[in-house]
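Read the structure below first, then the notes.
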Amino acid sequence: MELKTKSLKELYEKDFYLWVQENLKLLKNKEFELVDWENLLEEIEDMAKRHFESVISYMAVIMEHLYKWEKFRENEYMGSHWKKSINTARMQIADLFDDNPSLRRVAQEKDSLNKAWRKAVRRLIVWFDEDENKNLAKKYFGRLPTEEDFPKDCPYTFEQVMEYKPWLEEVKESTETPQP
């Protein structure tokens with residue numbers, strides 16, 4: 001028994017797919033004492049973490065593009081790809097929530113929003129460092145921005161991340177303006 005468990009642990013490093021198949025067979029046969037529990041539990045934990053990290057990553061993309069739209073959009077032609085990116089990320093999050101409903105609750109927590117915001121800020125800093133955006137960095141910050149140039153806490157609620165469409169506000173404002 002000990003020899004089989006040891007070789008299963010070695011298999012984890014050498015052939016992950018086969019390791020999974022062997023552990024699955026042991027579980028189906030109820031041979032629980034032979035299962036590589038240490039690595040199996042770690043893998044289960046990592047599976048959950050991957051889904052959570054995906055939601056955080058998609059929320060960061062949404063926050064980054066919402067913030068660019070609100071603060072750094074120079075003209076009406078700028079940002080159409082931000083809109084597409086926001087909509088795509090929202091669909092991806094919705095799919096994850098459909099398959100993993102409990103992720104919605106976790107994603108709404110302040111810590112999750114702030115984690116996503118920190119990633120969004122790093123993405124914004126990199127965006128300003130791209131050659132085509134350095135003029136915007138100079139205009140808005142007088143230099144390349146740092147993390148200190150952005151709000152420390154997430155400026156968006158979960159509802160805004162999932163639903164806010166600032167481009168609709170602009171359409172609404174333009175239709176409310178009286179025409180001469």
Side-chain angles (χ1 to χ4, degrees), residues 12-13 16-17 19-20 23-24 27 36-74 77-134 136-137 139-141 143-171:
Y12 178 76
E13 299 297 329
F16 180 76
Y17 180 80
W19 173 86
V20 169
N23 276 288
L24 187 58
L27 289 168
D36 179 6
W37 288 107
E38 182 182 339
N39 288 317
L40 184 61
L41 294 172
E42 189 177 309
E43 288 299 323
I44 291 170
E45 187 176 23
D46 283 349
M47 285 180 351
K49 195 183 294 184
R50 279 193 294 274
H51 290 306
F52 172 71
E53 288 299 326
S54 292
V55 169
I56 295 297
S57 182
Y58 288 127
M59 288 188 346
V61 168
I62 294 167
M63 291 174 187
E64 172 200 3
H65 292 148
L66 286 175
Y67 201 78
K68 283 195 277 195
W69 187 283
E70 293 177 325
K71 307 291 185 186
F72 310 117
R73 188 163 176 255
E74 294 283 297
Y77 306 106
M78 189 176 191
S80 64
H81 62 283
W82 300 338
K83 232 177 11 176
K84 288 177 187 173
S85 180
I86 289 168
N87 289 330
T88 299
R90 285 176 174 160
M91 287 188 304
Q92 295 293 335
I93 291 173
D95 289 345
L96 281 164
F97 289 164
D98 285 348
D99 294 338
N100 308 280
S102 63
L103 277 176
R104 179 183 291 277
R105 178 188 46 78
V106 177
Q108 294 180 55
E109 294 173 0
K110 184 178 175 81
D111 287 345
S112 297
L113 289 167
N114 282 331
K115 183 175 184 169
W117 175 244
R118 286 189 302 275
K119 286 180 180 263
V121 167
R122 285 192 290 275
R123 292 171 61 97
L124 286 162
I125 291 168
V126 168
W127 180 73
F128 278 111
D129 195 29
E130 294 170 359
D131 289 340
E132 64 269 18
N133 300 319
K134 286 187 178 181
L136 293 173
K139 176 180 177 179
Y140 289 100
F141 302 99
R143 57 180 164 60
L144 288 176
T146 65
E147 288 184 19
E148 288 75 37
D149 293 307
F150 298 94
K152 183 179 184 309
D153 291 323
C154 180
Y156 300 105
T157 64
F158 177 74
E159 290 74 22
Q160 287 173 312
V161 170
M162 295 306 296
E163 298 171 17
Y164 175 49
K165 296 179 179 180
W167 50 90
L168 293 181
E169 297 297 318
E170 291 176 11
V171 170

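To the nearest 0.5 angstrom, His81 atom NE2 is 6.0 Å from His65 atom NE2. With rounding to the nearest 0.5 Å, the separation of CG in Asn39 from CD1 in Ile44 is 11.0 Å. Rounding to the nearest 0.5 Å places CZ of Arg123 at 9.5 Å from NZ of Lys119. Atom CG of Asp153 is separated from atom CG of Leu113 by 10.5 Å, given to the nearest 0.5 angstrom. Note that the CG atom of Asn100 and the CD1 atom of Ile93 stand 12.5 Å from one another [nearest 0.5 Å]. A distance of 9.5 Å separates OG in Ser112 from CZ in Arg105, rounded to the nearest 0.5 Å.
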Give the intermediate values and the outcome of side chain to side chain contact (heavy atoms under 4.5 Å, CB included) for residues Val20 and Leu40. CA-CA 8 Å; Val20 169; Leu40 184 61; over 6 Å; no
Is there a side chain to side chain contact (heavy atoms under 4.5 Å, CB included) between Leu66 and Met63? Walk through the geometry before answering. CA-CA 5 Å; Leu66 286 175; Met63 291 174 187; 5.7 Å; no
Please determine whether side chain to side chain contact (heavy atoms under 4.5 Å, CB included) holds for the pair Arg90 and Tyr58, giving the CA-CA distance in whole Å, both sets of side-chain angles, and the decisive distance to 0.1 Å. CA-CA 7 Å; Arg90 285 176 174 160; Tyr58 288 127; over 6 Å; no
Can you check salt bridge (charged side-chain N to carboxylate O under 4.0 Å, His left out) on Lys139 and Glu74, steps first, answer last? CA-CA 11 Å; Lys139 176 180 177 179; Glu74 294 283 297; 2.9 Å; yes
Passes side chain to side chain contact (heavy atoms under 4.5 Å, CB included), Phe158 versus Glu163? Steps please. CA-CA 9 Å; Phe158 177 74; Glu163 298 171 17; over 6 Å; no
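Although no hydrogens or angles enter the test, the distance criterion places a donor-acceptor pair under 3.5 Å between the side chain of Trp117 and the main chain of Pro151. Between the Arg73 side chain and the Met78 main chain, a donor and an acceptor come within less than 3.5 Å of each other. Between the side chain of Asn114 and the main chain of Asp111, no donor-acceptor pair closer than 3.5 Å is present. Side-chain N or O atoms of Gln92 include none that pairs as donor or acceptor with a backbone N or O of Thr88 at under 3.5 Å.
The minimum heavy-atom distance between Ala116 and Ala60, with the atom names listed, is O-CB, 3.4 Å. Annotation for Gly79 and Trp69: closest pair O-CZ3, 3.4 Å, computed over non-hydrogen atoms. Nearest heavy atom pair, residue Pro145 against residue Asp149, reads CA-OD2, 3.2 Å.
Counting heavy atoms of neighbouring residues, nucleotides and ligands inside a 6.0 Å radius, atom NZ of Lys110 does not exceed 12 of them.
Annotation: side chain of Ile86 is not in contact with side chain of Val61 (no heavy-atom distance under 4.5 Å).
With sequence neighbours excluded, the residues that form a side-chain hydrogen bond (donor to acceptor under 3.5 Å, both in side chains) with Tyr12 are Glu43. A search for salt bridge (charged side-chain N to carboxylate O under 4.0 Å, His left out) contacts involving Arg122 returns nothing, not counting sequence neighbours.
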Sequence neighbours left out, cut at 3.5 Å: what donor-acceptor pairs do the side chains of residues 45-56 make with other protein atoms?
from  : atom 1 : to     : atom 2 : distance (Å)
Glu53 : OE2    : Lys115 : NZ     : 2.6
Ser54 : OG     : Arg50  : O      : 3.0

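The distance between the ring centers of Phe141 and Phe128 falls below 6.0 angstrom.
Defined by atom type and a distance below 3.5 Å, a donor-acceptor pair is present between the side-chain atoms of Trp19 and Asp36.
Using bins of under 30°, 30° to 60° and over 60° for the plane-to-plane angle, the ring pair Phe72/Trp127 lands in the tilted bin.
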